Amino acid sequence: MTTLPPLPMPLPKLASLARQKLPCSPSTIPRSQLIKEKDGIDHYLEVNFKGLSKEAVAAYRNSYKKTICVDMLRDGYLKSFTELFALMEEWDALREAARVRSIFWLQRPLEEQPDKLDHLYYYLTRAEVAERKEFFEDVYNNFHALACYFNNSEDKWVRNHFYERCFQIAQLIKVDGGKKEAEAHGHMGLLFEEDGQLLEAAEHYEAFHQLTQGRIWKDETGHFLNLLACESLLRIYRLLADKMLENKDYKQAIRILIKASEIAREGNDKKMEGEASYYLGLAHLAAGEHETALTVLDTYRKISTELDDDLGLGRAYEAIAKVLQSQGEMADAIKYLKQVVTLLRNNYQFLDAVRASTMLGDIYNEKGYYNKAFAYFRQAFDTTTELTNIPLKEETKVHYGIAKAHQIMLTVNNYIESADLTSLDCLLSWKEGRSSIAPDPVNRESRRATKASLYEASEHLEELNGLPDNPKQ
């Protein structure tokens, strides 16, 4: 039986090309031909098997972070890749440190946040292209866009990195009169301020203010840069002055707040000028310069009245009352504090009203007017109860209880001075119940004013049951 030769079976191009590369191939294939054939295979895959290109396979196999890095290197963005890689390493280090410190590790890895990677790729590469052409203003704008994008609590350190890059690039921009440099100083001041480095922040804010003087520049939100510089400088001066007052360095604190007042007047903003006067007045008060404090605080009062600023007027009255109280002029201090309570309650500033009511109660209590002290302490206690402010409620509760004890003390003293059986019966009855005390039938008229507010069945006694008994009771 004759054996027929096998029929020739045409192989697909991919198989035929692959078979030629097998180790058992009879002939040696030159390297140039191998490269050409490899390109042919790649082209064949791209044409006949959609989605199986090298890029697609790499994108499927690799993480998105790696794909971004490969794209940067392939397209020649070496500086962008270097900066991105450094940021990713710091990102991982910070996440690891956070994981060690806390079991509640909520920050996601960068590879799980493609939007952030896209922004980094887009703006970093654009900045690198602009830098090659020495378009430094475009470089600044791209870095600033990244700083704004990462302006959140989780990524604030990334924002700070790009604010520093903006500051570096701003020194190279010579065509805008110094606007970008001024903005960069403002950003750097904010960085140092948030980090608690107040002196360094003040240096940058002073440069920000100096560069914007006499300019009508605006930021992207339409705010004048000079006004923003004044506000930033006033804020940092106030923080520095607070530190100085804590250390009892009154002269230096007053000196820096006077400088702040001058800057506020220069900014042509009445509200800002009033705020500067307020803090300067408090500094004079802390230094014991009462007359000067009254003069400066009266300026704040006039500005607040001019602006119809009830809250500012309330703050002015309260500060003036503190000065008068320090001088021993209690009647005038009480007059101002009563106006403070009215203004704050009308503007629903109940926590501040509690503070003013407590001050009034302290003054009356110190002078022995226990009924009025009791009324204001009770008002403060009722307000904190409505606001469910537990710490403040406990504090006002103590004042309230002391005032009530002082009220009862007057009546008890009157009964003891009477030294009769009726008074003794009333005292014993009160000792048993501790809820109320009956008025003394003897010398009723002489004690009527005292008893008018003391011997009422107080609906607040249940609230005071938690207070420890007064030893004098």
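Side chains are part of it too, since the values below use all heavy atoms of this structure and drop only hydrogens, waters and symmetry mates. Quick caveat: nothing in here was measured; it's all calculated off a predicted structure.
One distance of note links CG of Asp115 with OH of Tyr149; it measures 5.0 Å at 0.5 Å rounding. Rounded to the nearest 0.5 Å, atoms CG (Leu387) and CG (Asp382) are 11.0 Å apart. One finds the CE atom of Met359 at 10.5 Å from the CD1 atom of Ile334 (value rounded to the nearest 0.5 Å). The CG atom of Leu245 sits 8.0 Å away from the CD1 atom of Ile254 when rounded to the nearest 0.5 Å. With rounding to the nearest 0.5 Å, the separation of CZ in Arg355 from OG1 in Thr396 is 14.0 Å. Going from atom OG1 of Thr385 over to atom CZ of Arg378 covers 11.0 Å, rounded to the nearest 0.5 Å.
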As a quick check of understanding, evaluate salt bridge (charged side-chain N to carboxylate O under 4.0 Å, His left out) for Arg315 and Glu275, giving each step before the final call.
CA-CA 10 Å; Arg315 292 173 73 194; Glu275 290 282 330; 2.9 Å; yes

Stepwise salt bridge (charged side-chain N to carboxylate O under 4.0 Å, His left out) test for Lys302 and Asp298:
CA-CA 6 Å; Lys302 291 176 182 177; Asp298 192 59; 3.6 Å; yes

Determine, step by step, whether Thr212 and Asn226 satisfy the side chain to side chain donor-acceptor pair (under 3.5 Å) criterion, reporting the C-alpha distance in whole Å, the side-chain angles of both residues, the deciding distance to 0.1 Å, and the verdict.
CA-CA 5 Å; Thr212 56; Asn226 182 250; 3.3 Å; yes

Hey, mind stepping through His161 and Glu90 against side chain to side chain donor-acceptor pair (under 3.5 Å) and telling me if it holds?
CA-CA 11 Å; His161 169 82; Glu90 188 171 355; 5.8 Å; no

CA sep, side-chain torsions, deciding dist, call: Phe350, Asn389, side chain to side chain contact (heavy atoms under 4.5 Å, CB included)
CA-CA 11 Å; Phe350 296 115; Asn389 188 318; over 6 Å; no

What's the verdict on side chain to side chain donor-acceptor pair (under 3.5 Å) for Glu181 and Tyr140, showing C-alpha distance, side-chain angles and the deciding distance?
CA-CA 10 Å; Glu181 185 179 358; Tyr140 178 96; over 6 Å; no

Can Asp362 and Tyr376 be said to form a side chain to side chain contact (heavy atoms under 4.5 Å, CB included), step by step?
CA-CA 9 Å; Asp362 285 334; Tyr376 280 106; over 6 Å; no

Full working for side chain to side chain contact (heavy atoms under 4.5 Å, CB included) between Gln339 and Ile320
CA-CA 12 Å; Gln339 295 184 67; Ile320 291 171; over 6 Å; no

In sequence, state the C-alpha distance, the side-chain angles, and the governing distance for Tyr77 and Val129, and then conclude on side chain to side chain contact (heavy atoms under 4.5 Å, CB included).
CA-CA 8 Å; Tyr77 298 118; Val129 171; 3.6 Å; yes

Taking it one step at a time, do Asn152 and Glu154 satisfy side chain to side chain donor-acceptor pair (under 3.5 Å)?
CA-CA 6 Å; Asn152 57 74; Glu154 183 179 285; over 6 Å; no

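Between Glu289 and Val296, every side-chain heavy-atom pair lies at or beyond the 4.5 Å cut-off.
Aromatic ring pairs are classed by plane angle as parallel below 30°, tilted from 30° to 60° and perpendicular above 60°; the pair Tyr400 and Phe381 is tilted. Between Tyr317 and Tyr336, the ring-plane angle classifies as tilted under the 30° and 60° cut-offs. Tyr163 and His144 have tilted rings, their planes meeting at an angle from 30° to 60° on a 0 to 90° scale. Below 30°, between 30° and 60°, or above 60°: for Phe192 and His204 the angle between ring planes is below 30°, a parallel geometry.
Checking side-chain atoms of Glu395 against main-chain N and O of Pro391 turns up no donor-acceptor pair under 3.5 Å. Without hydrogens or angle criteria, Ser80 side chain to Leu124 main chain gives a donor-acceptor distance under 3.5 Å. With Asn151 contributing its side chain and Ala147 its backbone, the two residues share no donor-acceptor pair below 3.5 Å.
Shown here is Lys79, whose NZ atom has no more than 12 heavy atoms of other residues, nucleotides or ligands within 6.0 Å. More than 12 heavy atoms of other shown residues, nucleotides or ligands fall within 6.0 angstrom of atom CD in Glu194.
Taking the charged nitrogens against the carboxylate oxygens, Arg132 and Glu128 do have a contact shorter than 4.0 Å, which makes a salt bridge.
The shortest heavy-atom contact between Lys116 and Gln113 is NZ-OE1, 2.6 Å. A pairwise comparison of heavy atoms in Trp217 and Ala182 identifies CZ3-CB, 4.3 Å as the closest pair. Residues Tyr123 and Ala145 come closest through the heavy atom pair CE2-CB, 3.7 Å. Counting all heavy atoms, side chain and backbone alike, Ala201 lies closest to Gly189 at CB-O, 3.4 Å. The two residues Leu257 and Arg238 come nearest to each other via the heavy atoms CD2-CA, 4.3 Å. Shown here for Cys230 and Met272, the closest heavy-atom pair between the two residues is CB-CE, 3.9 Å.
The side-chain contact (heavy atoms from CB on, under 4.5 Å) test applied to Asp310 returns Leu343, Asn347, not counting sequence neighbours. For the side chain to side chain donor-acceptor pair (under 3.5 Å) test, residues two or more places apart in sequence or in another chain that qualify with His223 are Thr221.
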